[in-house]
2 protein chains.
Amino acid sequence: MSDNARENNKGAMPRGKRAAIPRTTLQRLPFYLRALYSLEEEGWEIVSSTQIAELVGSNSAQTRKDLSFIGEFGQRGVGYNVPKLIQELEKFLGVTRKRKVVLIGVGRLGSAILLYKGIRQRGFEIVAAFDVDPEKIGTEVGGVPVYDFNKFEEVIGNEKIDIAMITVPASEAQKVVDRIVQAGVRSILNFVPTPLKVPKGIPHRTVCLSAELQILSYLLKSAKPRIAGRRRRDRAVASERS
Amino acid sequence: MSDNARENNKGAMPRGKRAAIPRTTLQRLPFYLRALYSLEEEGWEIVSSTQIAELVGSNSAQTRKDLSFIGEFGQRGVGYNVPKLIQELEKFLGVTRKRKVVLIGVGRLGSAILLYKGIRQRGFEIVAAFDVDPEKIGTEVGGVPVYDFNKFEEVIGNEKIDIAMITVPASEAQKVVDRIVQAGVRSILNFVPTPLKVPKGIPHRTVCLSAELQILSYLLKSAKPRIAGRRRRDRAVASERS
DNA sequence: CTCTGTGAAGTTGTTCACAGCC
DNA sequence: GGCTGTGAACAACTTCACAGAG
């Protein structure tokens with residue numbers, strides 16, 4: 001689930017000239033991209049900020065402002081060219097260069113991720129998976145070979161690993177993080193629901209199912225109970241998040 | 001994953017007297033809770049905001065401010081009582097009342113979630129799963145019975161479902177959302193990477209693996225390459241998010 | 001002296017509203 | 001007339017710094 005604590009904007013300023021993009025904007029960019037893929041499939045060539053915003057559950061001003069951080073790709077009086085904007089977003093996010101990904105911990109969740117097609121479609125390449133279970137080592141899951149985690153450094157050799165996804169038991173997570181960081185992994189996507197220390201300078205995010213459920217649980221308390229029958233103008237106000 | 005777009009604070013004001021909690025704070029609370037569980041296991045009875053902050057990758061001022069939104073549970077000059085604070089956080093998040101959860105779409109990811117123990121430990125009860133595949137209907141996954149989604153309303157009957165987790169193919173997602181909302185589901189945790197329209201008043205969050213990877217991909221561009229050998233004071237500055 | 005709770009200051013993010021261009 | 005891009009106004013969030021309590 002997502003940069004959860006520390007959603008703010010410390011450091012992380014690209015070395016280019018352009019000022020750092022706000023963290024909040026960064027977190028919305030993938031959703032704009034998703035919306036654009038969807039619009040492209042429907043055959044749209046040109047779209048307005050209002051259309052994009054509707055799919056993302058935002059508003060047009062926010063959308064324009066966000067997109068303006070990555071450059072001026074719209075045309076006044078007209079809108080945004082869909083393929084062009086997709087290309088620019090991909091470039092900005094750095095997903096044009098086939099990022100190398102590994103996964104550590106081929107359990108239930110790990111396997112589900114390896115079998116998930118969506119990642120590979122989006123410019124990420126899962127080059128290897130690791131586990132310590134002899135039953136799993138040597139097999140393939142979703143086309144990805146499973147290696148012995150104890151030979152991690154040996155297996156990755158000189159390949160620069162961009163992202164490591166961690167789906168190991170909580171008790172092992174810190175050891176795994178320490179080791180892969182030492183081995184030169186550049187960033188981490190953590191699925192383990194336990195506090196972790198990650199060295200400064202290694203971007204990392206955590207996806208936590210329980211946290212998501214807890215947040216919804218809180219929001220339920222404040223949501224007005226919907227009156228059966230009388231669903232007041234449920235005109236499905238588009239909204240891609242709570 | 002996670003309230004991704006629209007991270008802001010619209011509506012959602014609890015009907016109690018206390019002012020609405022900031023959205024950002026809400027998103028950190030589950031991580032404080034996680035840290036506290038961990039501290040409790042280690043046998044801590046009293047902890048300081050600094051200790052909690054370290055595990056969460058935040059700072060003590062932020063932690064104190066956040067916790068102050070839910071009440072005054074610390075003791076000046078002393079710290080916070082761990083079990084007490086856990087209890088208050090759980091109460092605040094509304095996870096003391098065993099939330100009823102269903103899952104729709106028993107594919108790879110859906111199965112992985114059903115088999116995941118963590119959710120049930122944390123006060124959530126997965127009461128049913130749904131699919132349309134006759135092979136799956138009638139089976140059990142992780143102790144949860146799988147029913148025919150076409151009989152959704154019939155199966156849930158009068159039970160109030162607090163949260164529906166959606167792990168169906170993108171092409172089906174909107175239909176599923178429309179139907180379960182109509183059937184009275186109160187909130188949604190979406191894993192489908194496609195734009196969705198959800199009626200206003202239904203809290204919902206999205207967990208999106210590709211979005212997480214894309215964000216990391218961007219952060220990699222700005223991260224300083226670490227010089228081999230000379231790892232400048234990698235004193236593992238605790239930090240629970242990028 | 002230690003550690004919480006919190007106004008006030010400082011910072012970051014969002015929305016408005018309009019100039020500029022089609 | 002429609003729609004982008006953007007300063008300026010506004011709102012939200014974070015950090016500071018200190019009073020208050022043990």
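Below, chain A is the first sequence line, B the second, and so on; all start at residue 1.
- Closest to the side chain of A/S48, out of D/dC18, D/dT6, D/dC3, is D/dC3.
- As a whole-Å value, the separation of B/E72 CD from D/dG20 C1' is 11 Å.
- Atom CD of B/E41 has 12 or fewer neighbouring heavy atoms from other residues, nucleotides or ligands inside a 6.0 Å radius.
- Here the nucleotide nearest the side chain of A/Q75, chosen from C/dG5, C/dA17, C/dC22, is C/dC22.
- Residue A/V78 is the one, among A/V78 and B/T25, whose nearest nucleotide of DNA chain D lies closer to the 5' end (criterion: closest heavy atom).
- One atom, NZ of B/K84, and another, P of C/dT4, lie 14 Å apart when rounded to the nearest Å.
- Under 4.0 angstrom from either OP1 or OP2 of D/dT14 there lies no side-chain N or O belonging to B/R23.
- In this structure a side-chain-to-backbone donor-acceptor pair under 3.5 Å is present from A/R34 to B/T194.
- One interatomic measurement links the two molecules: CZ of A/F69 to C1' of D/dT4, which rounds to 15 Å at whole-angstrom precision.
- Nucleotide D/dC13 holds its P atom 10 Å from the CD1 atom of B/I21, rounded to whole Å.
- Residues forming a side chain to side chain donor-acceptor pair (under 3.5 Å) with B/Q174 (at least two apart in sequence, or on another chain): B/D178.
- Regarding contacts with the backbone of C/dT4, a side-chain N or O of B/S49 is found under 4.0 angstrom from either OP1 or OP2.
- A straight line from CD of B/E54 to C1' of C/dC3 spans 15 Å, rounded to a whole angstrom.
- Comparing atom distances between the A/T24 side chain and each of C/dC3, C/dT14, C/dT6 picks out C/dT14 as nearest.
- With D/dC13, C/dA8, C/dG5 as the candidates, the nucleotide lying closest to the side chain of B/K65 is C/dA8.
- The distance between atom CD1 of B/I46 and atom P of C/dC3, rounded to the nearest whole Å, is 12 Å.
- The structure places CD1 of A/I113 at 5.5 Å from CG of A/L103, a figure rounded to the nearest 0.5 Å.
- For the 3.5 Å distance criterion, the side chains of B/R99 and A/S217 qualify, holding a donor opposite an acceptor.
- Every residue meeting the salt bridge (Lys or Arg N to Asp or Glu O under 4.0 Å) condition with B/R179, not counting sequence neighbours, appears here in chain and number order: B/E153.
- For the pair A/D66 and B/G79, both in contact range of DNA chain C, the more 5′-proximal nearest nucleotide belongs to B/G79.
- Looking at the side chain of A/R64, the nearest of the listed nucleotides D/dC18, D/dT4, C/dC16 is D/dT4.
- In terms of phosphate contacts, B/N59 brings no side-chain nitrogen or oxygen within less than 4.0 Å of OP1 or OP2 of D/dT14.
- The side chain of A/R76 sits closest to D/dT4 out of D/dT6, D/dT15, D/dT4.
- Regarding contacts with the backbone of C/dT2, every side-chain N or O of B/Y80 stays at 4.0 angstrom or more from both OP1 and OP2.
- Between the P atom of C/dG13 and the CG atom of A/L29 lies a distance of 13 Å, rounded to the nearest Å.
- Taking the side chain of A/Q62 as heavy atoms from C-beta on, and the options C/dT15, C/dG5, D/dT6, the nearest nucleotide is C/dT15.
- For the pair A/Q27 CD and C/dG13 P, the interatomic distance rounds to 10 Å; values are reported in whole Å.
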